[in-house]
Each structure stands twice: as structure tokens, then as C-alpha cells.
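Every value quoted in this text rests on a predicted model; they were computed, and no experiment measured them. Letters go in sequence order (proteins before strands), and every chain restarts at 1.
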Number of protein chains: 2
Amino acid sequence: MKLSLRGDYALRALIVLAENYDRGIVRIQTISEQQGIPKRFLEQILNDVKSGGFVESRRGIAGGYQLARPPEQITLAALIRYVEGALVALPLDTEGGRKGARPDANQLAIRSVMKEVRESILQVLEHITLADLCERARKLRHDDTSLDYVI
Amino acid sequence: MKLSLRGDYALRALIVLAENYDRGIVRIQTISEQQGIPKRFLEQILNDVKSGGFVESRRGIAGGYQLARPPEQITLAALIRYVEGALVALPLDTEGGRKGARPDANQLAIRSVMKEVRESILQVLEHITLADLCERARKLRHDDTSLDYVI
DNA sequence: GTTGATCTTGATTTTCTCGATGGAGATTAC
DNA sequence: GTAATCTCCATCGAGAAAATCAAGATCAAC
């Protein structure tokens with residue numbers, strides 16, 4: 001499971017939105033500057049995430065984005081699956097050698113393994129919400145700043 | 001975790017080799033025809049897998065490939081990691097916004113999640129060997145042929 | 001030494017990803 | 001109403017990676 005740069009950006013942006021969930025709308029530019037994400041690219045990503053129902057937007061001069069639901073109700077499983085596509089994927093059989101659609105036993109065996117892997121990943125990601133991610137980031141921030149003084 | 005076509009081919013080829021482990025060497029062409037894999041491409045793949053120490057080859061007119069170890073001793077974790085690279089990967093930070101190398105708290109939080117995912121995947125793949133895959137394929141073949149008569 | 005297989009290397013084709021661009025639509029401030 | 005500022009939408013291009021093809025070198029068996 002590889003998280004693309006796009007997916008990484010999406011997650012980081014949503015963490016910012018989660019941190020500001022009670023404060024309301026956040027502008028794209030704010031997120032862009034804070035996280036070092038190209039603004040135009042972030043527009044696309046958030047727009048896509050909005051189609052998935054994870055965030056809401058408001059246009060105009062006081063516009064921006066905010067989470068559509070409380071961060072406790074957004075699991076990473078749903079989020080990553082939407083942004084990245086399938087969590088674990090096999091290549092579509094462009095050919096099976098024969099008349100098309102029938103995978104052979106070896107392919108099916110591999111598929112069954114991948115299914116187990118997917119289940120296992122889901123076990124992890126379904127129990128981590130955006131709120132959890134926020135909490136982790138908050139703790140890490142504390143660890144980090146305390147380390148800063150040491151150095 | 002996405003299995004590339006290359007990785008899929010590698011696994012399927014090694015399943016064939018595992019099935020013929022006691023019968024000795026198998027030619028590339030045999031695997032190629034049986035699994036519908038482009039022969040030239042398969043050459044590269046098996047050659048690569050050989051560098052990883054998973055298979056041995058013999059040249060010449062009676063040449064071909066065979067597993068370097070019994071199929072019970074080859075785990076999918078080792079195999080897939082070698083063929084596909086990292087099981088779970090984050091994009092390398094091309095930039096952090098600042099002077100280079102320091103990821104912020106959000107990135108670290110995401111990283112910690114990905115670490116958990118990786119552990120979870122390993123739990124699955126380390127307990128499945130090529131021999132297991134063979135066994136699954138064998139069973140599936142039986143199910144499949146019995147289904148054929150129904151249709 | 002001929003044959004048939006792997007080995008090696010490189011070129012080519014295809015596909016995906018990242019990110020930029022330009023403009024259209026919406027909303028608020030004045 | 002007008003201007004400013006933001007989201008929205010579609011497209012496009014560079015670059016990288018994946019997949020495939022191709023040709024010559026090397027080696028073993030007969």
C-alpha cells in the first residue's frame with residue numbers, strides 16, 4: 001500500500017481542517033502555506049474530497065473548507081480508500097491467455113491472499129479517525145518542541 | 001498496497017516453480033505459455049528474482065529455473081518486498097516548506113499510522129509461504145473444474 | 001560445433017502522477 | 001453595482017515509472 005503524494009496532501013489537509021473543526025471554515029491558502037502544499041494542486045484535491053462527502057465548502061470572499069462531519073466520525077479507511085482508490089489492488093487482467101475473462105487458479109490464489117491483506121489493513125484503518133490523527137499530531141508537536149530546546 | 005503486473009507475474013511464475021519443485025527445472029517458455037505471460041518480460045522478472053536468491057537457473061539446452069529453497073521456506077513477505085519494494089510507502093518529502101529535512105507533526109502522525117499498517121501486512125504475509133499458495137491454487141483448481149461441469 | 005536455452009543491455013511504448021494554467025461561477029464588502 | 005476574493009472545473013504537459021520488445025552474448029548438452 002503506497003500513499004501517493006496526492007493522498008499524503010489530502011490527509012494532511014484534513015488534519016488541519018480537523019484541528020479547526022470548531023473554529024469553522026479554513027481557507028485553502030492557509031492550509032497551503034501551513035503544510036507547504038502547492039495551492040492549485042490542493043484546490044483539486046479538496047474539491048475531489050468534497051465530492052466524496054468528507055468536506056463542505058463555501059465560496060466567495062469568506063469562503064473555504066470545513067469538515068462535513070465531526071473528525072471522530074471520519075475513519076482513515078473511508079478516506080484513504082476514496083482518495084487512493086482500492087487499498088490493495090491487483091492488476092486488471094488485460095489478458096488471460098485465452099478468450100478473455102477467466103483467471104486461472106494461480107491468479108485466484110494470489111487474489112485470496114490479497115483479500116486477507118486488505119482485511120488486515122481495514123482492521124487498522126477503520127479504527128483510526130481523523131480525531132485520533134489530530135491527537136497524535138498534537139502529542140508529536142509537544143515532543144518535538146521539547147526536543148528543540150535540547151538541541 | 002498495490003501489486004504491479006510485474007509482481008503478479010513473479011508470484012504466478014514462482015507458484016509454477018513451486019508446483020514442480022520436486023520435478024526439477026522448468027523452462028521459461030513453459031511458464032510463459034501456461035500462465036500467459038510475455039516470454040521476454042518473464043525472462044527479466046525471473047532474472048531479477050534470481051538476484052534476490054529465490055530461484056536458481058541453469059543455462060544451455062536443458063536450462064531453466066527452479067526454486068532455490070523448498071517452497072515452505074519462502075514467505076510472501078520476503079518475496080513481495082523484494083519484487084515490489086517497500087510494502088507500504090510514503091512519498092519522500094521533496095520539500096518540507098522550510099530548510100529541508102524536517103517533517104511536521106501532521107506528517108509524522110501519518111507516518112505512525114502507516115507503520116501500523118505495515119506491521120499488520122507483515123503479520124499476514126509472513127505466515128503465508130509459496131507452499132501455502134500452491135495448496136490454495138490446487139484446491140481452487142478442483143473447485144473450478146467442478147464448476148465447469150455445472151455451466 | 002551446433003543447438004537451444006538463459007543472460008545482458010538497451011530502446012520503445014504505454015500509463016500514471018504531479019502540478020500548472022486559465023477561466024468560469026459564487027459570494028461578500030464597499 | 002462593482003470589485004475583490006475565493007472556490008469550481010477542465011485540460012494539458014513534463015517527468016517518471018511500468019510494461020514490452022529486440023538483439024547480441026554466453027553457456028551447457030549432445
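If you measure from atom CG of B:L5 to atom P of C:dT13, you get 19 Å, rounded to the nearest angstrom. Rounded to a whole Å, the CD1 atom of B:I37 is 16 Å from the C1' atom of D:dA18. In this entry the distance linking CG of B:D48 with C1' of C:dT9 reads 14 Å, nearest Å. Straight-line distance from the CZ atom of B:R6 to the C1' atom of C:dC16: 17 Å, rounded to whole Å. Computed from coordinates, the B:I25 CD1 to C:dG4 P distance equals 18 Å when rounded to whole Å.
At a threshold of 4.5 Å between non-hydrogen side-chain atoms, the residues A:R69 and A:F54 count as touching.
Checking B:E33 against B:Q29 by side-chain atom types alone, a donor-acceptor pair falls below 3.5 Å. A donor-acceptor contact under 3.5 angstrom links the side chains of A:S4 and A:E84, judged on distance only.
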Nucleotide-resolved protein contact map, nucleotides 6-17 of chain D, B/S/- at heavy-atom distance under 4.0 Å: BBBSBB------
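OP1 or OP2 of C:dC16 has not a single side-chain nitrogen or oxygen of A:S4 nearer than 4.0 Å.
Using a distance-only test at 3.5 Å, with no hydrogens or angles considered, a donor-acceptor pair links the side chain of B:Y82 to the main chain of B:D48. Using a distance-only test at 3.5 Å, with no hydrogens or angles considered, a donor-acceptor pair links the side chain of B:S32 to the main chain of B:I37.
A side chain to side chain contact (heavy atoms under 4.5 Å, CB included) with A:L130 is found for one member of A:L67, A:T75, A:L11 and no other, namely A:L67.
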